[in-house]
Amino acid sequence: MSKVKYYYDSETLSYRKIEKKKGRRLGIFLLSLTGMLLSSFLLLLVYINLPYVETPKEKTLKRELTNMELQFELLNKKMVEAETVLAEVANRDNNLYRVYFEANPIPAEQRKAGFGGVNRYKDLEGFDNSKLIIATSKRLDILTKQIVVQSRSLDEIAKLAEEKEELLSAIPAIQPVRNEDLTRMASGYGYRTDPFTKAGKFHFGMDFTAPRGTPVYAGGDGVVTRADNTASGYGNHIRIDHGYGYESLYAHLYKFKVRRGQKVKRGDLIGFVGSTGRSEAPHLHYEIFKDGQRINPINFYYGNLTPEEFASMLQASQQENQSLD
């Protein structure tokens, strides 16, 4: 029930009842309706544009997300560069380094293999950018594995290079006496006439004629295993173990310059030419062993002979003449 309102009439000095006017009530109603419609419209506009209205926190997060996307793009570019460089290194490794050092190339499937078994990237699933993050993580893991494989390969190559250098230093590679004009080579490897029996006999070394006291040099790096005269026929002789299955022998010496167990380098003075043992005249009898078997010393003079000199000595060594021991 609505309240009855009164007003004071000064003319009659009495209170009179306020009568409600129909037009005013309609105006208030229309005004209220207009206000409601306007408020609804404003609320609708706010609701429609709400996704486009950013709070300070949302703006900060959006900047961080943009920065992260930029960092991921830069990371992918760096990985592309790293993959390109690594592919070039792997190509040189397989086709140059490993070929030179006689090592088997590393298969591509071994270099680029992924990771099997359990899902390594399960913790990265369920986010807006999970696919990008997982793909980048996979590429980074594979790249890391390739670097590890290549690093181990280079370690192997370094070790092979060191061994190759040691091998090249150890193998006898020079003539045991100075022989600039190639006139001292008296007898080569093969069947020759024995100077004492005049019968054909296989000569297992090379004979170099030289005056008594001519210096004799080590053909390669190694350790002296013998320096004595107890072997039949060789007289005073020296044996050097070069490692890798190689051994050299220097026979009929006048005297020694080294002792057993001594380490020598290629070109070191080890003794002097003589004619001790089963020898017809002063000369050096020189032999090379590989894995205990005598082989032709002619193939071990590449250290101080040109191709033309080697061809000349090879021709002279093949003549079936008389040996000096």
Side-chain angles (χ1 to χ4, degrees), residues 38-171 173 221 243-245 302:
L38 183 60
S39 299
S40 299
F41 178 72
L42 291 175
L43 289 172
L44 180 62
L45 286 178
V46 171
Y47 178 77
I48 293 174
N49 291 278
L50 188 61
Y52 305 100
V53 177
E54 296 179 344
T55 65
K57 184 176 181 180
E58 288 175 333
K59 290 181 179 179
T60 302
L61 292 174
K62 187 175 181 179
R63 284 196 300 269
E64 290 179 356
L65 181 61
T66 302
N67 183 59
M68 288 179 63
E69 290 175 348
L70 177 61
Q71 294 301 323
F72 262 104
E73 184 178 349
L74 293 175
L75 178 60
N76 277 305
K77 288 183 178 179
K78 289 181 180 180
M79 282 197 293
V80 170
E81 294 175 358
E83 287 168 345
T84 302
V85 173
L86 189 58
E88 176 62 23
V89 173
N91 181 60
R92 293 173 63 85
D93 184 34
N94 270 354
N95 299 307
L96 181 61
Y97 307 139
R98 301 186 74 83
V99 170
Y100 178 78
F101 292 106
E102 300 178 355
N104 293 327
I106 299 176
E109 55 270 18
Q110 180 179 341
R111 290 181 180 274
K112 299 182 179 180
F115 299 88
V118 297
N119 184 2
R120 299 167 56 90
Y121 312 102
K122 188 175 182 179
D123 294 340
L124 303 178
E125 297 176 351
F127 300 98
D128 292 339
N129 297 301
S130 289
K131 289 185 178 179
L132 174 62
I133 297 173
I134 291 174
T136 303
S137 298
K138 285 183 178 179
R139 288 182 63 190
L140 187 58
D141 286 345
I142 292 175
L143 184 60
T144 303
K145 184 176 180 180
Q146 289 177 317
I147 292 174
V148 171
V149 172
Q150 185 59 62
S151 176
R152 290 176 179 172
S153 176
L154 291 178
D155 288 343
E156 181 185 355
I157 293 300
K159 184 178 180 181
L160 290 172
E162 184 178 349
E163 292 176 352
K164 188 97 171 181
E165 184 177 359
E166 292 177 357
L167 172 63
L168 293 177
S169 297
I171 295 178
D221 298 358
Y244 306 96
Y302 57 84

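Note that the structure is predicted; figures quoted are calculated from it, not measured.
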Next on the checklist: How close do Ala82 and Leu143 get, counting heavy atoms only, and between which atoms?
Outcome noted: CB-CD2, 3.8 Å
Checklist entry - When rounded to the nearest 0.5 angstrom, what is the spacing between NZ in Lys138 and CG in Asp141? => result 10.0 Å
Identify all side-chain donor-acceptor contacts of residues 159-167 below 3.5 Å with residues at least two apart in sequence or on another chain.
| residue | atom | partner | partner atom | Å |
| --- | --- | --- | --- | --- |
| Glu166 | OE1 | Tyr244 | OH | 3.2 |

Item to check | Ile106 CD1 to Gln146 CD distance, which is reported to the nearest 0.5 Å | outcome: 11.0 Å
Next on the checklist: Quick check for you: to the nearest 0.5 Å, what is the distance between Asn91 atom CG and Leu86 atom CG?
Outcome noted: 11.5 Å
Item to check | Qualifying residues under side chain to side chain contact (heavy atoms under 4.5 Å, CB included), relative to Glu88, sequence neighbours excluded | outcome: Arg92
Please set out all donor-acceptor pairs under 3.5 angstrom arising from side-chain atoms of residues 148-155, sequence neighbours excluded.
| residue | atom | partner | partner atom | Å |
| --- | --- | --- | --- | --- |
| Gln150 | OE1 | Arg111 | NH1 | 2.7 |
| Gln150 | NE2 | Asp93 | OD2 | 3.2 |
| Ser153 | OG | Asp93 | OD1 | 3.3 |
| Ser153 | OG | Asp93 | OD2 | 2.5 |
| Ser153 | OG | Arg98 | NH1 | 2.8 |

Side-chain atoms of residues 72-79: list all donor-acceptor pairs with protein atoms under 3.5 Å, sequence neighbours left out, distances to 0.1 Å.
| residue | atom | partner | partner atom | Å |
| --- | --- | --- | --- | --- |
| Asn76 | OD1 | Arg139 | NH1 | 3.1 |
| Asn76 | ND2 | Phe72 | O | 3.0 |

